[in-house]
Amino acid sequence: MSGLQPVRGTHDLLPEDMRRHRHVMETARRAALCFGYQEVATPIFEFTEVFKRTLGDTSDVVTKEMYTFTDKGGETVTLRPENTAGVARALISEGLTQHLPLKYFYAGPMFRYERPQKGRLRQFHQTGIELLGVKEPGGDIEVIATGVEFLRRLGAWDRCELELNTLGDTASRQAYRKVLVEYLNSFRDRLSKDSQERLEKNPMRVLDSKDEGDQKIVANAPLSSEYLTDEARDFFAAVREGLDLLGISYTINQRLVRGLDYYCHTCFEITCADLGAQKTVLGGGRYDGLVSLMGGPETPGVGWASGVERCAMVLQQELPAPRPIAIVPMGAAAERRALQIADELRRQDFLVDLGFTGNMGKRMKRANKVSAIAAVILGDDELARGEAAVKLLDSGEQKNVPLGDLAATLAPCR
RNA sequence: GCGGGUGUAGCUCAAUUGGUUAGAGCGCCGGAUUGUGAUUCCGGAGGUUGCGGAUUCAAGUUCCGUCACUCGCCCCA
């Protein structure tokens with residue numbers, strides 16, 4: 001092996017992987033399109049402030065995971081760790097708040113400086129949707145339904161589980177947070193070291209600690225559902241009713257939280273058990289505070305993001321390469337003619353493989369190797385008669401056809 | 001950032017307690033086969049044993065460091 005390695009946590013997508021990758025993105029895009037979402041692309045890097053301000057100073061993403069550097073103009077820029085901040089920024093800088101509601105889909109690379117493991121990379125890809133300007137619970141329902149439809153189309157939904165929770169509105173959150181911190185503080189010394197830190201920075205996080213001792217304490221902790229305002233309670237009930245109407249099953253997980261302050265009301269995660277520790281395949285929620293936090297007008301938003309690599313791992317189905325038609329010329333004259341024939345067929349959208357070297361045996365071998373569906377054999381005899389021999393490689397059946405009928409004959413091989 | 005496991009050919013794996021020139025299968029290239037993709041037969045290329053250091057007469061094998069992968073923690077898609 002050579003000393004040349006890809007940067008840690010990055011990987012190459014060779015054709016087989018790339019087909020799965022593309023299939024995942026296309027499936028997501030198509031599902032989103034069916035719900036009225038249009039594809040957008042924001043830059044893969046932004047001024048560092050865009051992420052710092054939106055993700056908060058205590059989140060892991062900001063404190064240890066950002067790829068940040070100074071460009072030649074002295075600007076501090078960051079490779080995007082997620083796409084919601086970029087979309088929100090675009091909403092403001094493009095003046096799009098005049099055109100609400102907006103429904104956007106995106107797909108592309110994200111970057112987080114983390115320790116890689118299964119399902120976690122430093123450069124990875126996400127698809128996602130953002131619904132902006134809709135404050136009604138119908139927005140949450142539609143966003144979740146879009147994610148479910150995406151996974152359904154992937155053939156993964158029946159192995160997935162949707163977990164749902166509500167964080168409530170600001171009033172609910174503040175009330176609950178106060179009670180929770182009081183409760184946890186009374187057990188402070190018995191909490192794990194990690195959780196003692198969480199208690200300072202992000203008390204809600206203590207709720208989903210994996211430490212056994214923490215879990216015992218958390219088991220008796222006050223529940224967020226008991227501190228919801230009437231509005232927040234009604235909102236969540238409406239979301240659940242919508243999911244019920246759609247026949248989307250879910251489990252309520254009161255310990256499911258989001259780390260960032262601007263999240264409110266609905267949050268959800270879809271996990272797939274056959275993935276290991278990094279099993280969240282799609283996650284999202286409502287972020288009504290984000291746009292205003294960035295300096296724009298009060299604008300509600302809901303959305304989700306889904307990991308393309310994780311989805312690709314969950315994909316069971318084989319995605320075979322498309323099968324071309326191989327042109328097999330014999331001799332210099334045939335080779336010149338083959339160049340033109342290949343060109344004509346390609347203009348008609350046939351997939352055509354024309355080799356560069358080799359005698360007939362070599363070329364037939366290559367045709368077999370690229371799993372060609374048919375070979376078009378051009379020898380002096382055939383050309384003299386204005387014909388080509390067309391051999392179907394699955395059956396071995398072969399017949400001569402006039403060159404003028406080639407496209408028609410090959411039509412079933414398209 | 002923390003902890004465990006693993007690194008031998010393109011791939012899957014061998015290589016007695018440290019002992020000569022690190023092997024095999026598959027794959028690849030060429031030939032048997034300048035008008036046919038299977039199979040078969042023959043030949044060939046391909047390795048700084050991840051990298052660096054230490055111990056030793058001698059290291060793929062032992063030790064240390066490092067890099068990468070992997071499983072988990074943290075966190076997340």
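Protein chains get the first letters and strands the later ones, always in sequence-line order, with residue 1 at the start of each.
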Output the rounded distance in Å from [atom1] ([X]) to [atom2] ([N]).
X        : N     : atom1 : atom2 : value
A:His125 : B:A77 : NE2   : C1'   : 13 Å
A:Met360 : B:G35 : CE    : P     : 8 Å
A:Leu14  : B:C11 : CG    : P     : 12 Å
A:His21  : B:A77 : NE2   : C1'   : 12 Å
A:Glu387 : B:G35 : CD    : P     : 19 Å
A:Lys279 : B:C75 : NZ    : C1'   : 14 Å
A:Tyr263 : B:C75 : OH    : C1'   : 14 Å
A:Gln398 : B:G35 : CD    : P     : 14 Å

Grab the N/O contacts between the protein and nucleotides 69-71 of chain B below 3.5 Å, and write none if there aren't any.
| from | atom 1 | to | atom 2 | distance (Å) |
| --- | --- | --- | --- | --- |
| B:C69 | OP1 | A:Gly9 | N | 3.2 |
| B:C69 | OP2 | A:Arg8 | NE | 3.1 |
| B:C71 | OP2 | A:Lys118 | N | 2.6 |

Salt-bridge contact A:Arg80-A:Glu46 (side-chain N to carboxylate O under 4.0 Å): no
SB check A:Arg363 A:Glu335 (cutoff 4.0 Å): yes
Donor-acceptor contact below 3.5 Å, side chain [X] vs main chain [Y]:
X        : Y        : answer
A:Arg310 : A:Gly119 : yes
A:Asp288 : A:Gly301 : yes
A:Arg286 : A:Cys267 : no
A:Arg337 : A:Leu383 : no

Modelled atom types, side-chain donor and acceptor of A:Ser225 and A:Gln254, under 3.5 Å: yes
For nucleotides [N] and [M], find the distance between their [atom1] atoms and express it as a whole number of Å.
N     : M     : atom1 : answer
B:A68 : B:G52 : C1'   : 15 Å
B:G19 : B:G37 : P     : 48 Å
B:U61 : B:A54 : P     : 14 Å
B:U34 : B:A45 : C1'   : 24 Å
B:U12 : B:C42 : C1'   : 25 Å
B:C26 : B:A14 : C1'   : 15 Å
B:G18 : B:C63 : C1'   : 13 Å
B:C13 : B:G47 : C1'   : 15 Å

Runs of at least three consecutive pairs that involve RNA chain B, where pairs are Watson-Crick or G-U with distances under 3.5 Å: B:1-7 with B:67-73, B:10-13 with B:23-26, B:28-32 with B:40-44, B:50-54 with B:62-66
Report which part of the nucleic acid [X] touches: base, sugar-phosphate, or nothing (heavy-atom distance under 4.0 Å, all strands).
X        : answer
A:Gln278 : base
A:Ala305 : sugar-phosphate
A:Leu378 : nothing
A:Arg120 : base
A:Gly331 : nothing

Partners meeting side-chain hydrogen bond (donor to acceptor under 3.5 Å, both in side chains) with A:Asn253 (sequence neighbours left out): A:Glu163
Any residue meeting side-chain hydrogen bond (donor to acceptor under 3.5 Å, both in side chains) with A:Glu161, in chain and number order, not counting sequence neighbours: A:Thr251
Nearest-nucleotide 5' precedence on RNA chain B, A:Leu282 against A:Asp394: A:Asp394
For nucleotides 25-32 of chain B, list the nitrogen or oxygen atoms of the protein found under 3.5 Å from its nitrogen or oxygen atoms, one pair per line.
| from | atom 1 | to | atom 2 | distance (Å) |
| --- | --- | --- | --- | --- |
| B:G31 | OP2 | A:Lys362 | NZ | 2.8 |

Side chain to side chain, A:Cys413 and A:Leu392, heavy atoms closer than 4.5 Å: yes
Student check: side-chain heavy atoms of A:Phe45 and A:Thr78 closer than 4.5 Å: no
A:Lys103: which of A:Glu142, A:Glu130, A:Gln38 passes side chain to side chain donor-acceptor pair (under 3.5 Å): A:Glu142
Distance-only donor-acceptor test (3.5 Å): side chain A:Glu382, base B:G35: yes
Residue list, side-chain contact (heavy atoms from CB on, under 4.5 Å) with A:Leu121, at least two apart or on another chain: A:His11, A:Phe124, A:Glu309
